[in-house]
Engineer: 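One structure, pasted below without further comment.
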Amino acid sequence: MDNLLAAVDLGSNSFRLSIGRVVQRDGVPQIYQIDRLKETVRLAAGLDSQRRLDAPTIERAVSVLQRFGERIRNFPPARVRVVATNTFRIARNIDALLPRAEAALGFPIEVISGREEARLIFSGVAHTLPPSEANRLVVDIGGGSTELIIGQQYEPRQMTSLYMGCVSYSRQFFPGGAIDAHQMKLAQLAALNELESIARPYRQTGWQEAYGSSGTSKALYAILTESGFSRQAITREGMERLRKKLITDGRVIAAELPGIKLERADVLPGGLAIMLAVFEALGIDTMQTGDGALRLGVLHDLLGRDAASDKRDESVRQFMARYHVDVAQAARVRQTALSFFDQIRPDDGTSERQEMATALGWAADLHEIGLSIAHNGYAKHTAYVLDNADMPGFSQDDQDRLASITLAHYGKLNRAGTPIIKQPEWPAILCLRLAVLLHRGRADLDSLPLSLSVRKQSIIIRLQRDWLDAHPLTEYNLQAEEEEWRKAGFDFEIMSR
């Protein structure tokens, strides 16, 4: 298993599992996909008018994930990444699915933002294309959202995720599969309205090559080329011919559309309407297809994490620069906080422990970004930014964890919403708070003046006697700290050693 990686993409139309084998070629790691599973779940089709998933859809999703889980049961957690997209983002009763889905699969599920989805899609497509310095446009029409990215080589320059997809548009504008000219026009106009805000900046940036990824693009390519509507590409002219045929037939007749897969028939009208609008809004005439997309991007992101080039580390460095973080102070706090964490959670080789230590390090790096907004209540500003900003590489769960740790790192503990005693991050919060207190003078320490031990909800701090003689507890607010933790339901004791 050491050379295998697994990516699971929980899309609004299909769930996909990809397994890749990592091979070193001239010292450069490369991924070869060795196994793929795909199941059409139509998650977005299970949303009612209140954006609540119905019971049959939830059961279908759990059943598929049980099969996926059987395939990757023996994979180490660090070598599996599961990402969920638009329907997981918008479903109001996602709590009815998420815990069951994670239990069935056996791995945590990351609900990623639209921009993170776009970044991963571009990475996946770019890794399947020949090297080029050209700007490339990638369009990915999913079941519930559409991502549009302009980038160069492997780096995206502009990313957008729009709330329109082949499943949602097919349900909204072509109920029961009925197609007519009026409904097709309404669907295209709705898509054009979504695209209006990005059309001008995307055209100004420009691109030399356009690619479509995922199911809708591949379905359109297969239908257009095998039906003789286009030659070796998705073209505006070819899609217009397909549009006219669908309107004339009044529905999708799969037997008369060479290249179509039966599971794509129900969602073809919505996908076609969106792609026609993309071509019109951005002035595209011809588009090729890319073989990568989200799941391959996830595999390459996993490979980067394994090779110590985690995209999240880069995002943290960018945020530190953007918000003018005192780098020396962040380094002091990081080192001390992680030293405390090693005392209370020695490295046991588990992924859970490593993930918490990594999050604590990032929180130490970023805990002062709120100072660039205002000094008063800066911890709240820090937490708000970390919870709501676009942070490439981070899932929403990652960002929620950072926000929880940084919100409670200074001042009163009870302002964090959920009681600290019930937050799984409370050991990291304790370590960060103590590190911030010890470095409040923004100076290095010759050695740690205290040791820390934790057992359940009992916290014991042992201070060096000579340090305690030279520094009263009030100087470092340790008495106030003791009071805060006792209010939060912990036994907290300070003693000399």
Engineer: What pairs of residues pass the side-chain hydrogen bond (donor to acceptor under 3.5 Å, both in side chains) test when at least one of them lies in residues 7-16, not counting sequence neighbours?
Structural biologist: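 Every side-chain hydrogen bond (donor to acceptor under 3.5 Å, both in side chains) pair that includes a residue of residues 7-16, provided the two are not neighbours, is S12-T87, N13-R42.
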Engineer: Stepwise, does the side chain to side chain contact (heavy atoms under 4.5 Å, CB included) test hold for I274 with T216?
Structural biologist: CA-CA 10 Å; I274 293 170; T216 291; over 6 Å; no
Engineer: Scan side-chain atoms only and decide if E70 and Q66 contain a donor-acceptor pair under the 3.5 Å cut-off.
Structural biologist: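 Short answer, no.
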Engineer: To the nearest 0.5 Å, what is the distance between CG on D365 and CG on L360?
Structural biologist: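 With rounding to 0.5 Å, CG (D365) is 9.5 Å from CG (L360).
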Engineer: Give the minimum heavy-atom separation between L43 and L53, together with the two atoms involved.
Structural biologist: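 Here L43 and L53 meet closest at O-CD2, 3.4 Å.
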Engineer: Between N135 (side chain) and G206 (backbone), is there a donor-acceptor pair under 3.5 Å?
Structural biologist: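 The answer is yes, because a donor-acceptor pair under 3.5 Å joins these two groups.
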Engineer: Roughly how far apart are L10 CG and F68 CZ, rounded to 0.5 Å?
Structural biologist: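 Result: 8.0 Å between the selected atoms.
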Engineer: Rounded to the nearest 0.5 Å, how far apart are CD1 of I112 and CG of L294?
Structural biologist: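 Reported value, rounded in 0.5 Å steps: 5.0 Å.
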Engineer: Mind checking the CH2-CD1 spacing from W207 to I284? Nearest 0.5 Å is all I need.
Structural biologist: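 Atom-to-atom, W207:CH2 and I284:CD1 are 5.0 Å apart.
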Engineer: Checking R322 against F319: charged group under 6.0 Å from the ring centre and within 45 degrees of the axis?
Structural biologist: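 R322 over F319 ring: yes.
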Engineer: Apply the side chain to side chain contact (heavy atoms under 4.5 Å, CB included) test between L246 and each candidate in I253, V252, D180; give the one that qualifies.
Structural biologist: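 Considering I253, V252, D180, a side chain to side chain contact (heavy atoms under 4.5 Å, CB included) with L246 is found only for V252.
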Engineer: Would you say H127 and L299 make side-chain contact, with heavy atoms under 4.5 Å?
Structural biologist: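 A side-chain contact is absent here, since even the closest heavy-atom pair is not under 4.5 Å.
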Engineer: For the backbone of F279 and the side chain of R236, can you confirm whether one donor and one acceptor N or O come within less than 3.5 Å of each other?
Structural biologist: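 Looks like yes, one N/O pair under 3.5 Å.
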Engineer: Please name the pair of heavy atoms, one in Y169 and one in A191, separated by the smallest distance, quoted to 0.1 Å.
Structural biologist: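 Heavy-atom minimum between the residues: OH-N, 3.5 Å.
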Engineer: Show the nearest heavy-atom pair for residues P427 and F341, with the distance to one decimal.
Structural biologist: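 Smallest heavy-atom distance, with atoms named: CB-CE1, 4.4 Å.
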Engineer: Closest heavy-atom contact between P108 and V82?
Structural biologist: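 Shortest heavy-atom contact: O-CB, 3.5 Å.
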Engineer: Angle class for the F15/F88 ring planes (parallel below 30°, perpendicular above 60°, tilted otherwise)?
Structural biologist: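 Answer is tilted, since the angle falls between 30° and 60°.
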Engineer: Given the rule in the side chain to side chain donor-acceptor pair (under 3.5 Å) test, do T358 and Q354 qualify, once you have shown the distances and angles that lead to the verdict?
Structural biologist: CA-CA 6 Å; T358 301; Q354 181 56 41; 3.1 Å; yes
Engineer: Ignoring hydrogens and angles, tell me if any N or O in the side chain of Q399 forms a donor-acceptor pair with the backbone of A389 under 3.5 Å.
Structural biologist: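 Flag set: sc Q399 to bb A389 pair under 3.5 Å.
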Engineer: Return the CG to OG distance between L303 and S123, rounded to the nearest 0.5 Å.
Structural biologist: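 Output value for this atom pair is 10.0 Å.
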Engineer: Okay, side chain of E110, backbone of V83: is any donor-acceptor separation there less than 3.5 Å?
Structural biologist: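 Answer holds: no.
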Engineer: Could you pull out all residues at least two apart from R67 that satisfy salt bridge (charged side-chain N to carboxylate O under 4.0 Å, His left out)?
Structural biologist: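 Checked R67 against salt bridge (charged side-chain N to carboxylate O under 4.0 Å, His left out); matches are E39.
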Engineer: Under 3.5 Å, is there a donor-acceptor pair between the side chain of S227 and the main chain of L224?
Structural biologist: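 No, the answer is negative, given that no donor and acceptor are paired below the 3.5 Å cut-off.
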Engineer: Locate the shortest heavy-atom distance separating I141 from C166; write the atom from each residue and the value.
Structural biologist: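 Result for this residue pair: CG2-N, 4.1 Å.
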Engineer: Please enumerate all residues that pass salt bridge (charged side-chain N to carboxylate O under 4.0 Å, His left out) together with R51, with sequence neighbours excluded.
Structural biologist: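 Salt bridge (charged side-chain N to carboxylate O under 4.0 Å, His left out) list for R51, sorted by chain: empty.
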Engineer: Is I373 close to Y384 at the side-chain level, that is, under 4.5 Å between some pair of heavy atoms?
Structural biologist: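 The answer is no, as the side chains (C-beta and beyond) never meet within the 4.5 Å cut-off.
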Engineer: May I ask you to decide if V125's main-chain N or O and T128's side chain share a donor-acceptor pair within less than 3.5 Å?
Structural biologist: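 Flag set: sc T128 to bb V125 pair under 3.5 Å.
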Engineer: Using the side chain to side chain donor-acceptor pair (under 3.5 Å) rule, take Q158 and T160 through it: C-alpha gap first, then chi angles, then the decisive distance, then the call.
Structural biologist: CA-CA 7 Å; Q158 287 182 269; T160 301; over 6 Å; no
Engineer: Say whether, by atom type as modelled, one donor and one acceptor occur between the side chain of T146 and the main chain of M164 under 3.5 angstrom.
Structural biologist: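 Side chain of T146 to backbone of M164, a donor-acceptor pair under 3.5 Å: yes, one is there.
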Engineer: Could you state the interatomic distance from CG (D301) to CD (E116), rounded to the nearest 0.5 Å?
Structural biologist: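 Taking CG in D301 and CD in E116, the distance rounds to 6.5 Å.
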Engineer: Quick check against the 3.5 Å criterion: does T382 have a side-chain atom that pairs as donor or acceptor with the backbone of H367?
Structural biologist: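 At least one qualifying donor-acceptor pair exists.
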Engineer: Identify the two heavy atoms, one from A428 and one from I405, that lie closest to each other, and give their separation to 0.1 Å.
Structural biologist: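 Scanning both residues, the minimum pair turns out to be CB-CD1, 3.9 Å.
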Engineer: With side chains defined as the heavy atoms from C-beta onward, is the minimum distance between E117 and L120 less than 4.5 Å?
Structural biologist: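 Side-chain contact under 4.5 Å: no.
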Engineer: R136 and side chain to side chain contact (heavy atoms under 4.5 Å, CB included): which partner among Q152, E209, Q208, R157?
Structural biologist: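 Filter result, single survivor: E209.
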Engineer: Closer than 3.5 angstrom, by distance alone: can the side chain of H300 be matched with the main-chain N or O of G297 as a donor-acceptor pair?
Structural biologist: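 Not confirmed, H300 side chain does not pair with G297 backbone.
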Engineer: Is there a side-chain contact between I247 and R243 in this structure, where contact means two heavy atoms from C-beta onward sitting under 4.5 Å apart?
Structural biologist: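 Of all side-chain heavy-atom pairs linking R243 with I247, at least one is under 4.5 Å.
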Engineer: Donor-acceptor check, side chain of T205 to backbone of P201, threshold 3.5 angstrom: yes or no?
Structural biologist: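 Yes, T205 side chain to P201 backbone: donor-acceptor pair under 3.5 Å.
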Engineer: Do R79 and L4 have side chains that approach each other closer than 4.5 Å (heavy atoms only, starting at C-beta)?
Structural biologist: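 When only atoms from C-beta onward are counted, L4 and R79 do not touch, as no gap falls below 4.5 Å.
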Engineer: Would E155 and F122 satisfy side chain to side chain contact (heavy atoms under 4.5 Å, CB included), going step by step from the backbone distance to the final call?
Structural biologist: CA-CA 8 Å; E155 291 299 319; F122 186 81; 5.8 Å; no
